Structures are given as C-alpha cells and as structure tokens.
Amino acid sequence: MPELPEVEFAARRLRTWAVGRTVSAAEAEPGSPLRDVTPEALAEGLTGRRFEGVRRHGKLLMIDLSGDRVLLSHLGMTGKWLRSKPGDTPRAGTRVQLALDDGARLDYVDPRRLGHLRWLPADEARRHPMVTGLGPDALEICATAGGLAEQLDWSKRAIKVALMDQSLVAGVGNIYAAEALWMAGINPFVRACDLEPDDYARLAAAIARAMTESLDRERDGEIRYIQDRAAQNPFEIYGRTDAPCPRCRAAIMRVLQQQRSTFYCPVCQPDR
DNA sequence: CTTATCCCCTGCCGGC
DNA sequence: TGCCGGCAGGGGATAA
C-alpha cells in the first residue's frame with residue numbers, strides 16, 4: 001500500500017522510536033515475509049544491536065544497526081512498523097516483534113505477507129539488487145530540472161506504466177501516478193517517448209506536489225490508508241470512479257492498465 | 001535488452 | 001445469512 005510519502009513517514013517515525021535504542025529481545029513468525037533468512041537467524045541477529053539510523057530510497061527502508069548490519073524493509077502492500085508495549089496483544093498480521101531497551105516494542109505488521117525483510121551485512125546490502133535496481137528517488141529527481149524526462153522519455157510504454165517502474169524512478173505507485181498525471185493534464189496511455197519536455201516539467205512538479213501534500217497531511221497523525229469510503233479518501237481522483245472531476249465535473253474513468261486500476265479524467269487528460 | 005503476464009497472500013465488500 | 005468473485009497503494013519470476 002505505501003508509496004513514497006507513506007514510507008517516508010514510516011522512516012521518520014522509526015527514527016524517533018528506535019534510533020539510539022537497543023534490541024533486547026526479538027521474535028519473528030515463521031512464514032513471515034522474511035527473505036533469505038530464517039525467523040531464528042533474524043531474531044538472533046537483531047538481539048543486542050543498536051539502531052543507528054533509518055534511510056529511505058523510493059519505497060525501500062534501509063535500517064542501519066550496530067556492527068555494520070542492515071535490515072532492508074519493503075512494506076509491500078500492507079506492511080507497517082508500529083510501536084506498542086511489551087504486554088500488548090499483537091494485532092492481526094504481526095510478523096516480527098522487537099523489544100527495545102526503553103520498554104517499548106516495535107512490531108512489523110504485514111497481513112498479506114507481500115513485504116520483504118532482508119538481514120544483511122552493510123556491504124552486501126549496498127550491493128543488493130533490491131537497492132541497486134532502484135532508479136533515482138522520485139522526490140529528488142522531480143526537483144532536478146529535466147531529471148524526470150531523462151529517466152523516462154526513451155520508453156515506449158504508457159507513461160503511467162513507465163512512471164511506476166521502480167528501476168526508472170523509485171517511489172511512485174498506483175495512487176501518485178494517477179494523481180500526478182491528472183494534475184499535469186496528461187493521459188495515462190500516452191507513450192512516455194511521446195511527451196514533450198514541457199509535459200515532463202509539469203509532471204515532475206505534480207509528483208512533488210502530490211507527495212508533499214500527503215507528507216504534510218500525515219505529519220502529525222498515524223498513517224491511514226483509504227478504505228473506499230469516499231469521505232475519507234484524501235485524493236483528487238484516485239478511487240473516485242464516476243465521481244465528478246474536481247476541475248471540469250466530467251465523470252472520472254476507471255480502466256485497467258497492466259492489471260492495475262488507472263483513474264483519469266477523459267476531458268482534462270485527453271488522448272493525443 | 002525491454003515488455004507483458006502471471007503469481008504471491010490476506011481481508012473486505014457488494015451482489016446474488 | 002452465506003458464499004463467491006472482484007479488488008486492494010507491492011514486487012518477483014518467467015516468457016516472448
């Protein structure tokens with residue numbers, strides 16, 4: 001579920017909760033989203049380590065621990081890091097529990113198990129395809145003049161599909177692709193190679209704006225994913241099939257693109 | 001090489 | 001009321 005803003009928010013919370021703290025006990029569930037590490041090895045590896053920092057690139061969290069070890073954490077569709085107390089009953093979908101030396105507990109919760117956790121020496125983490133396979137971070141590249149176009153304008157795929165390819169630009173998912181293309185007035189099916197430099201400039205600004213707005217909205221609250229309840233949906237067009245376009249009142253369309261829902265306004269985002 | 005398709009998982013919702 | 005299909009913000013593996 002999380003895209004760049006939600007993962008950034010998770011990184012900030014993890015920093016305040018964990019950096020400087022030491023893991024006093026760890027427990028991981030078999031069958032959890034652990035990759036290339038057993039629950040026992042992860043729990044044993046984490047115990048006694050101190051959190052040194054939390055970095056984010058695109059949707060990937062890189063959690064640095066003492067002794068030059070890194071926990072790579074990708075939240076997938078339903079992953080979250082939450083703080084609780086040692087006695088609390090774990091909420092459904094809890095896969096990892098870390099007791100910290102300040103008396104708090106860190107829980108990795110991932111009901112659908114589509115997330116990824118990897119436990120690696122720092123140098124291996126740096127070289128891991130999960131890290132090296134990512135394109136530039138979306139917020140950074142969108143702040144660079146011409147940067148977004150340089151990443152995408154050679155591709156013959158639909159701009160929405162190319163935008164969501166994490167090896168080209170890291171951090172844009174289904175929601176922010178829809179929101180940004182709507183803000184920029186670009187049809188999601190136009191080939192990336194057919195967009196003009198001016199289109200890319202508007203698109204980069206739109207991505208930055210859509211993501212920044214979410215970060216501002218989430219600053220003081222808990223991450224809250226939309227439920228299909230229109231009243232809670234904070235987005236302009238995502239999830240709003242048949243609702244009037246906020247700009248022109250035409251009905252928002254929902255179509256499938258690469259097996260994922262694409263939302264757009266047929267009037268504000270015309271074919272070309 | 002790039003691109004398209006299927007698959008992985010669980011939970012919720014609306015329709016019959 | 002209960003079952004069933006569709007859908008969900010993720011990426012990886014595989015085939016063309």
Side-chain angles (χ1 to χ4, degrees), chain A residues 1-10 29-36 56-62 72-81 90-96 108-118 128-135 138 151-182 188-189 191-193 207 210-211 213-215 217-218 222-242 253-264:
Chain A
M1 306 165 111
E3 301 181 35
L4 188 150
E6 293 77 23
V7 179
E8 171 61 22
F9 192 60
E29 179 192 286
S32 53
L34 275 50
R35 318 275 165 154
D36 306 329
R56 178 196 61 76
H57 187 99
K59 305 173 191 170
L60 179 66
L61 289 171
M62 295 163 281
L72 293 180
S73 169
H74 195 295
L75 302 178
M77 293 275 265
T78 55
K80 290 180 181 179
W81 283 97
R91 81 159 73 176
T94 298
R95 310 300 175 195
V96 177
Y108 178 68
V109 183
D110 183 10
R112 281 178 71 183
R113 304 178 199 265
L114 295 174
H116 297 237
L117 285 174
R118 282 197 158 86
H128 197 278
M130 256 184 116
V131 176
T132 59
L134 294 175
Q151 291 303 117
L152 301 178
D153 67 5
W154 56 272
S155 173
K156 293 178 179 156
R157 297 146 94 191
I159 181 59
K160 193 245 188 180
V161 174
L163 200 49
M164 288 175 62
D165 184 334
Q166 302 300 296
S167 72
L168 304 180
V169 176
V172 181
N174 210 29
I175 289 183
Y176 294 96
E179 294 289 292
L181 286 167
W182 176 79
F189 290 92
R191 294 190 301 174
C193 57
I207 292 168
M211 290 185 166
E213 282 176 1
S214 274
L215 278 173
R217 196 162 44 229
E218 285 165 349
E222 184 183 341
I223 299 179
R224 204 169 291 138
Y225 297 119
I226 61 170
Q227 323 269 339
D228 275 16
R229 296 161 171 273
Q232 288 192 318
N233 180 347
F235 301 109
E236 305 275 19
I237 61 157
Y238 180 84
R240 298 192 185 276
T241 314
D242 295 333
M253 304 270 297
R254 174 186 171 273
V255 295
L256 281 183
Q257 210 172 1
Q258 307 277 118
Q259 337 275 37
R260 312 284 306 268
S261 289
T262 290
F263 299 90
Y264 73 105

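What you see is a predicted model, and the numbers here were worked out from it, not measured in a lab. Note: hydrogens, waters and symmetry copies are ignored here, and every other heavy atom, side chains too, is used. Just so it is clear: chains get the letters A, B, ... in the order the sequence lines come, proteins before strands, and each one is counted from 1.
A/Leu256 has its CG atom 14 Å from the C1' atom of B/dA4, to the nearest Å. Distance, A/Asp165 CG to B/dA4 C1': 12 Å, rounded to whole Å. Atom CZ in A/Phe235 sits roughly 8 Å away from atom C1' in C/dG9 (whole-Å rounding). A/Arg112 has its CZ atom 13 Å from the P atom of C/dC7, to the nearest Å. Following rounding to the nearest Å, A/Arg240 (CZ) and C/dG9 (C1') show an atom-to-atom distance of 15 Å. Between the CG atom of A/Asn233 and the C1' atom of C/dA8 there is a distance of 13 Å, given to the nearest Å. As a whole-Å value, the separation of A/Lys80 NZ from C/dG9 C1' is 12 Å. Rounded to whole Å, the distance from CZ on A/Arg118 to P on C/dG11 is 13 Å.
The CG atom of A/Asn174 sits 9.0 Å away from atom CD of A/Gln257, with the distance rounded to the nearest 0.5 Å. The structure places CD of A/Glu29 at 9.5 Å from CG of A/Leu34, a figure rounded to the nearest 0.5 Å. Note that CE of A/Met211 is 4.5 Å distant from CG of A/Leu4, once rounded to the nearest 0.5 Å.
Picking from B/dG11, C/dA8, C/dG11 the nucleotide with the shortest atom distance to the side chain of A/Pro111 gives B/dG11. With B/dC8, C/dA8, C/dG11 as the candidates, the nucleotide lying closest to the side chain of A/His116 is C/dG11. Nearest to the side-chain atoms of A/Gln258 among the listed nucleotides C/dG9, C/dG12, B/dA4 stands B/dA4. Set against B/dT3, B/dC8, B/dT10, the side chain of A/Lys156 has B/dT3 as its closest nucleotide. Picking from C/dG10, B/dT2, C/dA8 the nucleotide with the shortest atom distance to the side chain of A/Arg260 gives C/dG10.
Under 3.5 Å, the side chain of A/Arg113 and the base of B/dC9 form no donor-acceptor pair of N or O atoms. For A/Arg157 against B/dA4, no side-chain N or O and base N or O form a donor-acceptor pair under 3.5 Å. Judged by distance alone, with hydrogens and angles left aside, A/Glu6 brings a side-chain donor or acceptor within reach of the base of C/dG9, the pair sitting under 3.5 Å.
Between A/Ser155 and B/dT3 there is a side-chain N or O to OP1 or OP2 distance below 4.0 Å. Under 4.0 angstrom from either OP1 or OP2 of B/dA4 there lies no side-chain N or O belonging to A/Gln259. Proximity of A/Ser261 to the phosphate of C/dA8: a side-chain N or O atom is located under 4.0 Å from OP1 or OP2.
A tilted orientation is assigned to the rings of A/Trp81 and A/Tyr108, their planes being inclined by 30° to 60°.
With P as the reference atom, C/dG9 and B/dT3 are 22 Å apart, rounded to whole Å. For the P atom pair drawn from B/dC9 and C/dT14, the interatomic distance equals 15 Å after rounding to whole Å. Using P as the reference atom, B/dG11 and C/dT1 are 22 Å apart when rounded to the nearest Å.
For B/dG14, the paired base is C/dC4 (Watson-Crick or G-U wobble, both distances below 3.5 Å). Pairing for C/dA16 is with B/dT2, a Watson-Crick or G-U wobble pair whose two hydrogen-bonding atom distances lie under 3.5 Å.
Using modelled atom types, one finds a donor on one side chain and an acceptor on the other under 3.5 Å when comparing A/Arg217 with A/Ser214.
For A/Tyr238 and A/Tyr176, the ring centers are positioned 6.0 Å apart or more.
The residue among A/Val172 and A/Arg254 whose nearest nucleotide of DNA chain C is located toward the 5' end is A/Arg254. Position along DNA chain B of the nearest nucleotide to A/Ala158 versus A/Gly93 favours A/Ala158 as the more 5'-ward residue.
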